[in-house]
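Throughout, protein chains are lettered first and strands after them, A, B, ... in sequence-line order, and every chain is numbered starting at 1. Just so we're clear, the structure is a prediction, and the values are computed from it rather than from any experiment.
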Amino acid sequence: MTALTTLSLAQTAAALRRGDFSSRELTQACLARIARLEPALHAFITVTPELALAQADAADHRLAEWRRLSPPFSSFANGGGPGWGLLGIPIAVKDVLCLKDVRCTAGSRILENFIAPYTATAVERLLAAGVVILGKTNTDEFAMGSSTENSAYGVTHNPWDMSRVPGGSSGGSAAAVAARLAPAALGTDTGGSVRQPAAFCGLTGLKPTYGRVSRYGLIAYGSSLDCVGALARSAEDAAIVFTSMAGRDPQDATTLDVPVETITIRDSTPLADLRVGIPQEYFVAGMQPEVESAVRAAIQTLEALGAVVEPISLPHTQDALPVYYIIAPAEASANLARFDGLRYGPRQPADGLWDVFRNTRGERFGAEVKRRIMLGTYALSTGYYDAWYGQAQRVRALIRQDFEQALARVDVIAAPVTPTTAFSIGAHGDDPLAMYLEDIFTLPANLAGVPALAFPVGFDSRGLPVGMQLMGPHFREDMLLQAAHVFQQATEWHKSSPMV
Amino acid sequence: MLEPIIGLEVHAELETQSKMFCACPVVDTTQAEPNTAVCPVCAGMPGALPVVNRRAVEYGLRVALALGCEINLASIFARKNYFYPDLPKGYQISQYEQPLARNGRLVISTSQGERVIRIRLVHLEEDTGKLTHVGQAGPAYTLVDLNRAGIPLLEIVTEPDFRTGEEVRGYAQSLRSILRYLGVNSGDLQKGVLRIEPNVSLRPAGQTALGVKVEIKNLNSFRALERGVAYEIQRQSDLLQRGERVRQETVGWDEAREVTFTQRVKEGDEDYHYFPDPDLPPLVIEAAWAEEIRAALPELPAAKSLRFREQYGLNDYDAGLLTAEREVADYFEQAVAAAPEAAPKMVANWITGELFGLLNQAGTSLRECRVPPSALASLVGLVSRGEINQNSAKSVLGEMFTTGQSAESIVASRGLRQVSDTAAIAALVQKALAENPAQVAAYFGGKEAVAQWLFGQVMRAAKGQANPQVVRAELTRQLAERKD
């Protein structure tokens, strides 16, 4: 049965519709693989086998109905059209997205007993499309981190090298997909948390446009930056997940009413005259040479496929890091105020109300979370607000402007995702700044709100995957996915899997 | 000489169907079972997001426009951060630097004449939950009810334009009346749906800098409001005259002892770490929508009072009394229209005198009253045509009020219709004069008071149903005839 887990999502969907195997058989295969690999990998915080099998049975029922009523299966061999591409497909969900009646920890001890009373819109939409949820994946606490080392539930290991991190904060989702525990997974990307783990684990990871996928039910970190994204083994697979969950949600006032055209990935379209900009600021001294050479080689491949490459400049790139580390913590300081010991989870013993707040938060938030709450609280203080938060917002506008100006000249921007490949567990243990620097290439897209897609373009000498990202105009995820698909038609990088 | 400087913050719950940022119903939080009107959004569940209730914005705009404010076409919701058990998110969504509206005014009348109170701002926010502290001593605990959390709240802040408790009360009553006219708030101070919080400071007359201010809470009636302010002025004035200092604090009003007591001492201004709520885009008001709302505003109490004075010839007092509540004003106008032969002043007197008396006694409101305006109009018609006398009419109204029967049927069944037929009355007068020659002689002998006794004889003979004016006129006429 292990063979079932080697198929891509699109292939799996077609096989389910043909009746090659049932969703229950597939789900059982995934659960068996989870049972075998989880002890070493630790991609999940919570596995939900009963729920998954019940959903699989319901999907099998719908699949049988579909087969009874539908035209010859052959016409659905690849993709199958909207609404059917996910029926019976097992996925994993990052443990910051609420699923009714299932524990949702956000990687934090402060939520260790929190059972979500409702389901996040993005998850709800996938459930409506018929997905099977295998469980909730590991994450840095409240999505604050780049390695999953900040999870209160233990670190996740990179399936390509178990001594290394899978990236973060969606590291559990990335490890699960890379280790073929699930064909796809949901992650969230506030400063690179989908793309960086995708790069570290050799996956395709989409951070959609801000406001494209509902945040309702996503435990907030940096509300003006948070995006729900997809991790998969190809652009085609990522597109299926993305289109099923995108679109305006009346429960999230920041979603926009831009129609989600069904993204039809075309196999044969060359990248005719796609203008690709290469930002000079993303090739910096100190980056791992193998990362730079793999990315430059990938750019040449794009060129060979018909793209027109030109150098561009995003002059405020270096400001993204300080701006991000003011805005995201400021928003987080308010978003995490609700975890006060009175609700949701355990309460530390205390004498009186203020000690309940102090002791619960003091004991149950991890060091990185407390660090960011303090940073954010400071940035919003009266007398400092304008110098910190106000100034950060003004510079953020300049970063957004960089993208607007560049994307007036080129269609997409190609750049590395990370300066290095996956680092060793514990490598940045005592150095938060070194950890923050992991995100320097991913932060700008979040601050500008533009979509970005990471995908594998090679390996370093240790056999660790290297990723590249394409960034594009607001709401043009389709352009990024199509370009990456054409690249993936011509290359094999995305087909490699770790030997686990 | 110390001068009191008083400003007012009013929090009015907006009585919309649903809450400010979610679909939960707005319930009477003094009645509903605790925590029954709650969802992930108003309970501040992780991941839940707010969405603005358009109707709450409309209600807010009604008030802002009625107070003559400038509407801010792009206002901003901010997060006001503080920890408290009644605040489930750890922040309140409120407006801060960019409120819904600014720069309004309300003209109030006081014993010293009209005063203009400037409105600094009107902004939208969400209410907090309600805490009930259990146990005075021993292992006390606190119950949290989130039914109120997220109910739309309109904050209306004045400039420090008040100098006396009377002015504060006048403003609060006018504002309450406007809110009720606009159908956005019941104005129930007891239930706390309308909360009036004055801040009081004193300064030497002529000084421009403001003194240390004290905010007063728990003012659950207009009487408490006026007394609380007066008390606080006196307390601060005593302190300052003794050479002591006023402490910046929030005090509560103790209704029973009629004193204020310290609730919370403020050490400088608290830092709420305000910042724009990233979950809510700027609240954009289309000018056309605001204009539509402005055009649909009802006639407000001040304008209506002026019109009542001009159109119905009422005095200030009656016009004010009749227009304080929209339903009373409507009742009056309907009754006047149904009683064209009666003077509006007379209709007004029957409403503000007898009818209000009955309502007060019964403890009910005009809405539940069994005497519709048309029925009151027929009663007043009977009186003004002289068909029943004033005293009978009062007792008839009493019966109408309890039974809901018409004036006509009560008058008929009780035989109260008074005789105004001059011929019949003339006969009764003639009979009385003929039967009492001694008294008639005494009258002509100069004892004019005897006329009153003769009047009584006629009324008795008529069993009280003769029109007294006609009787008096006929008696005077026949006595004069005899004299000749």
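- Atom CZ of A:Phe339 is separated from atom NZ of B:Lys89 by 12.5 Å, given to the nearest 0.5 angstrom.
- Heavy-atom proximity under 4.5 angstrom to chain B picks out A:Pro250, A:Gln251, A:Asp252, A:Ala253, A:Thr254 from residues 247-257 of chain A.
- Using a 4.5 Å cut-off between heavy atoms, A:Thr121 does not touch chain B at all.
- For chain B, no part of A:Ala120 is nearby; none of its heavy atoms comes within less than 4.5 Å.
- Using a 4.5 Å heavy-atom cut-off against chain A, the contacting residues of residues 275-291 of chain B are B:Phe275, B:Pro276, B:Pro278, B:Asp279, B:Leu280, B:Pro281.
- Of the possible polar contacts, none joining the B:Asp271 side chain to the A:Ser381 backbone as a donor-acceptor pair under 3.5 Å is found.
- Considering all non-hydrogen atoms of both residues, A:Tyr344 and B:Pro88 come closest at OH-O, 3.9 Å.
- Side-chain atoms of B:Phe83 and A:Arg338, non-hydrogen and from C-beta on, never get closer than 4.5 Å to each other.
- Scanning residues 70-79 of chain B against chain A with a 4.5 Å heavy-atom cutoff picks out B:Arg79, ordered by number.
- For A:Tyr216, the parts sitting under 4.5 Å from any heavy atom of chain B are the backbone and the side chain alike.
- Within residues 22-51 of chain B, the residues approaching chain A closer than 4.5 Å by heavy atoms are, in numerical order, B:Pro40, B:Val41, B:Ala43, B:Gly44, B:Met45, B:Pro46, B:Gly47, B:Ala48, B:Leu49, B:Pro50, B:Val51.
- Both the backbone and the side chain of B:Tyr84 come within less than 4.5 Å of a heavy atom of chain A.
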